[in-house]
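All ligand and atom numbering here is 1-based and tracks the order in the structure.
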Amino acid sequence: MTTANRVPVVQGLFAETPNGPRLLGSKCATCGTPYFPKSSACHNPDCQDPRVEDAQFGPRGKLWSYVVQFYPPPPPVKYDEPFVPYAVGAVDLPGGLRVLGRMSVDDVKKIKIGMDVDLVIERLCGDKDGNEVTTWKFRLV
Ligand SMILES: [Zn+2]
């Protein structure tokens, strides 16, 4: 048996850095508005300068809210069969970014709003070529 290759579900959204996993986005060079995924311009109506720069977000955040997905979502959402309910969290990261991500927990009853969470890169599902498809998730601290 060979070890599965890890492939990101979408290129350019997240990366393992020397400092740990990070989401790859943008930040306005003038007003600091954060964007994820990357944006080519600032969309803050109060900002007169559209220039943005690359920015990385994570790893520690605070859970703002969450929901449990109890039924299989429609394509293009990917998951392993058989479907297992999972939680999706809305997490506030430093820099003002609020982002959605799956929660990495074995029991959704452990999740409480306001908890500290850490960004992790983990398995989302397998693909037809035997690869392990990865995505960003949030793990309870
Ligand atoms: Zn701006």
By the side-chain hydrogen bond (donor to acceptor under 3.5 Å, both in side chains) test, which pairs, at least two apart or in different chains, include something from residues 45-61?
Thr30-Asp49, Asp49-Arg51, Arg60-Asp118

Solution key, residues 103-116 side-chain donor-acceptor pairs under 3.5 Å, sequence neighbours excluded:
from   : atom 1 : to     : atom 2 : distance (Å)
Ser104 : OG     : Glu122 : OE1    : 2.7
Ser104 : OG     : Glu122 : OE2    : 3.2
Asp106 : OD1    : Lys110 : NZ     : 2.8
Asp106 : OD2    : Lys110 : NZ     : 3.3
Asp107 : OD1    : Lys109 : N      : 2.9
Lys112 : NZ     : Lys109 : O      : 3.2
Asp116 : OD1    : Lys62  : NZ     : 3.1

Mind checking whether Phe57 and Trp136 have ring centres under 6.0 Å apart?
no

Ring pair (Phe, Tyr, Trp, His ring centres under 6.0 Å) with Tyr66: which residues, sequence neighbours excluded?
none

Counting only protein N, O or S atoms and ignoring waters, those under 2.8 Å from the Zn ion (ligand 1) are Cys28 SG, Cys31 SG, Cys42 SG, Cys47 SG

To the nearest 0.5 angstrom, please state how far the OG1 atom of Thr135 sits from the CZ atom of Arg102.
7.5 Å

Give a yes or no on whether a salt bridge exists between Arg123 and Asp80, defined as a side-chain N under 4.0 angstrom from a carboxylate O.
yes

